[in-house]
2 protein chains.
Amino acid sequence: MTRNFNALWKKGDFLTTRKAINLKMLSQTLGLSQTTVSRALNGFPEVAEKTRARVIEAAERLNYRPSPSAASLATGKSLMIGHVVSLSEHIMINPHFADFIAGAGEVYGQNGYDVLLRLAPLEEQERIYRDLAEDQRVDGVVVHGPLTGDSRIGILNGLGLPFVVHGRSDEEGADYCWMDVNNRRAFHRATKFLLDLGHLRIGLINGLEKMNFADRRRQGYEVALEEAGIALDDRLLFSADMVEPYGYRATRALMELEQPPTAIVVASVLPAMGVTRALADLGLRAGEDVSIIAFDDCLSFLQSGYKGSVPDIPFFTAVRSSIREAGKRVARMLLERIDNPQAPLQSELWEADFVIGQTTAPPRRH
Amino acid sequence: MTRNFNALWKKGDFLTTRKAINLKMLSQTLGLSQTTVSRALNGFPEVAEKTRARVIEAAERLNYRPSPSAASLATGKSLMIGHVVSLSEHIMINPHFADFIAGAGEVYGQNGYDVLLRLAPLEEQERIYRDLAEDQRVDGVVVHGPLTGDSRIGILNGLGLPFVVHGRSDEEGADYCWMDVNNRRAFHRATKFLLDLGHLRIGLINGLEKMNFADRRRQGYEVALEEAGIALDDRLLFSADMVEPYGYRATRALMELEQPPTAIVVASVLPAMGVTRALADLGLRAGEDVSIIAFDDCLSFLQSGYKGSVPDIPFFTAVRSSIREAGKRVARMLLERIDNPQAPLQSELWEADFVIGQTTAPPRRH
DNA sequence: GTTCAAATCCAAAGCGCTTTGGATTTCGTT
DNA sequence: AACGAAATCCAAAGCGCTTTGGATTTGAAC
């Protein structure tokens with residue numbers, strides 16, 4: 001029975017090069033069939049516990065590791081989660097994506113999944129999803145940065161590939177699985193807070209408004225103004241990719257108005273840093289001269305001490321929601337969906353925290 | 001011959017669900033053997049061009065796509081590149097990693113490779129490399145954030161898995177393939193520039209010095225001071241993970257010294273933003289009151305307009321090298337290495353640009 | 001019209017795993 | 001002691017591709 005295997009062993013293959021051992025060899029050493037060994041390792045009930053223990057022990061001792069491609073070929077599962085992102089196109093995605101994936105990757109790792117990362121511009125993503133699905137390269141995907149009316153969602157539903165959207169694509173968000181922050185309410189609260197402080201002219205430095213999250217944020221801002229009986233002023237509204245220099249330029253433009261705003265709501269801490277830089281250039285101070293509220297995704301490299309360590313008063317007053325925690329949650333939702341594709345569609349809406357920092361105060365009296 | 005396939009076709013499988021078509025079916029429709037079809041598609045010379053054209057046409061028409069796991073099982077190649085990173089541990093890696101992978105991913109995509117991303121703390125990475133190699137899950141890996149004397153390199157050499165190091169791990173850098181920026185010279189130049197402007201007390205806000213790149217940067221700084229006959233002052237030296245609040249706190253500490261520095265060299269634009277924030281808090285202005293030179297990785301979300309668009313004068317005076325371009329280069333080197341594992345080990349050292357911005361000036365006279 | 005390469009194509013054996021359908025053994029019952 | 005169900009295990013058939021070793025055909029040369 002074990003002759004074959006012993007021959008190989010004596011040849012020295014295993015001891016020296018630690019050449020991978022496969023199921024066949026393992027079952028031969030054990031004097032069991034491949035079936036039994038496979039079932040023992042995969043936790044099937046029809047194998048005696050004594051046998052299972054023996055098998056597991058031997059597998060560990062001989063450093064047996066099943067070939068992923070063989071398993072994938074046989075089962076059709078790949079234990080991979082696809083993330084398709086356009087890191088070149090909307091570069092503001094980059095740092096956000098890194099933190100999101102840091103959270104998601106943690107969950108994947110705990111469940112034996114890996115990330116398949118594909119960089120591609122938006123217009124190619126539909127084709128890529130199709131390829132990934134047909135090739136069975138991934139067991140599910142996460143949709144990043146959904147636009148309002150995003151066509152990727154329809155495609156994915158058609159493909160039958162499990163997916164979760166980080167964010168939403170429309171008002172209902174009914175026929176797909178998503179996890180989102182309540183962007184509208186967050187910006188409503190931020191704007192109302194500034195109004196309550198007495199600010200009457202409030203600028204909005206928003207993200208790209210074809211992105212659904214930015215669209216919602218603007219709605220929150222507008223509704224708050226409306227409720228306060230303040231007319232919208234287009235000159236106070238900006239929309240672009242959320243990078244630092246954008247915040248800088250928008251602020252310079254705002255402050256050159258004949259009636260500059262006394263407060264600004266900013267879609268991300270990144271442009272918000274540009275805002276403070278612009279104010280500094282003009283000899284103005286954030287908080288004292290111009291109030292700022294930013295949306296804070298808890299980007300790891302900007303704030304280090306949330307939990308313990310250094311409990312600083314945060315610089316920016318902010319509506320805050322950890323994108324990294326979002327990554328974890330989305331990952332969990334997706335894995336559940338993969339395990340049970342028939343389960344009803346889940347969705348989850350998080351409220352952002354509102355934290356007071358050093359950049360808000362009542363408007364200056366002249 | 002084609003009966004089998006037609007039967008399936010008529011059943012409607014292909015037209016409706018676009019069920020994946022496999023080699024067998026494709027060869028049956030063509031009336032050729034699987035061998036010939038496979039060879040035709042993979043560009044082998046022993047198939048007539050006429051036949052090849054016919055095969056390719058049919059493959060496209062029927063939307064044939066070879067199964068990656070089957071191909072991987074048969075060939076042992078996975079068309080995947082492994083990136084193992086610890087996004088949680090040294091969070092400063094995050095934004096840098098995102099831009100690096102944006103560059104690398106572009107090259108991978110052009111060559112039919114994908115990224116397998118695995119999040120793991122440093123101490124697990126050796127085991128993970130071993131697993132990835134034995135499982136044949138990836139055809140090569142990139143080593144991120146090498147420490148001085150990094151054990152991962154020895155492991156990888158032992159495994160025979162092709163790899164390229166982004167950065168270096170030791171003085172020689174001889175027995176592995178790497179691509180690095182001349183960090184020592186960059187910081188030497190930066191420091192010397194400040195000395196030439198007349199600065200005598202120069203702070204260093206460095207990265208974690210167990211990281212090889214940070215170690216080298218410090219060497220450059222020290223040598224420049226030494227050459228100018230200025231003694232090192234430990235109170236001017238900081239070393240930590242390069243996040244924004246670190247720059248802030250280090251600067252506060254620096255400015256509280258009885259003899260505060262008149263200039264600071266900073267290891268990254270991220271802490272440098274903290275530096276300017278701290279200075280602003282103290283009523284000081286970067287450039288006028290305290291000079292700053294930062295290392296600038298061209299992080300996408302901080303500077304948008306390098307190439308064309310808005311040719312701003314950069315804010316920070318900086319030594320600059322695009323981490324994204326580095327990603328591209330590393331990816332190319334790795335793919336070459338995979339194609340030709342026997343070729344001599346390559347390495348590449350880039351010089352950083354030195355760009356003058358708005359944060360350097362001669363020291364204030366009192 | 002042979003002959004012999006060169007050109008072209010093929011059957012079949014893997015690659016390493018899962019899983020179906022059955023065979024064999026064990027064990028409590030009668 | 002015999003019986004049937006439960007427990008345990010197995011042989012073999014895929015999964016879809018690559019590739020070896022060989023068969024067949026073509027075409028130029030004699």
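In the text below, chain A, chain B and the rest are named by the order of the sequence lines, each starting its count at 1.
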Novice: Is it the case that the side chains of A/Asp150 and A/Tyr176 hold a donor-acceptor pair, with the cut-off being a distance below 3.5 Å and no angle test?
Specialist: no
Novice: Of A/Glu49 and B/Tyr64, whose nearest nucleotide on DNA chain D comes first from the 5' end?
Specialist: A/Glu49
Novice: Assign B/Ser72 to base, sugar-phosphate, or nothing according to its heavy-atom contacts below 4.0 angstrom with the strands shown.
Specialist: nothing
Novice: At 4.0 Å (heavy atoms only), tell me whether B/Thr35 reaches a base, stays on the sugar-phosphate, or touches nothing.
Specialist: base
Novice: So B/Val55 and B/Leu41, do their side chains get closer than 4.5 Å, heavy atoms only?
Specialist: yes
Novice: Using heavy atoms to find the nearest nucleotide of DNA chain C for B/Arg54 and A/Pro66 separately, return the residue whose nucleotide is more 5′.
Specialist: B/Arg54
Novice: Do B/Leu117 and B/Phe97 make a side-chain contact, defined as non-hydrogen atoms from C-beta onward lying under 4.5 Å apart?
Specialist: yes
Novice: Any sub-3.5 Å donor-acceptor pair from A/Ser347's side-chain atoms to A/Trp178's backbone N or O?
Specialist: no
Novice: Rounded off to whole Å, could you give me the CZ-to-C1' distance for the A/Arg52 and D/dA7 pair?
Specialist: 13 Å
Novice: Keeping the roles fixed (side chain from B/Asn340, backbone from B/Glu336), state whether a donor-acceptor pair exists under 3.5 Å.
Specialist: no
Novice: Does A/Thr75 reach a base, just sugar-phosphate, or nothing at all? Heavy atoms under 4.0 Å.
Specialist: sugar-phosphate
Novice: Can you tell whether the side chains of A/Asp131 and A/Arg137 come within less than 4.0 Å, N to carboxylate O?
Specialist: no
Novice: Of A/Glu46 and A/Ser69, whose closest DNA chain C nucleotide lies nearer the 5' terminus?
Specialist: A/Ser69
Novice: Using a 4.0 Å cut-off to any heavy atom of chain A, which nucleotides of DNA chain C are the first and last in contact, reading 5' to 3'?
Specialist: C/dG16 to C/dG21
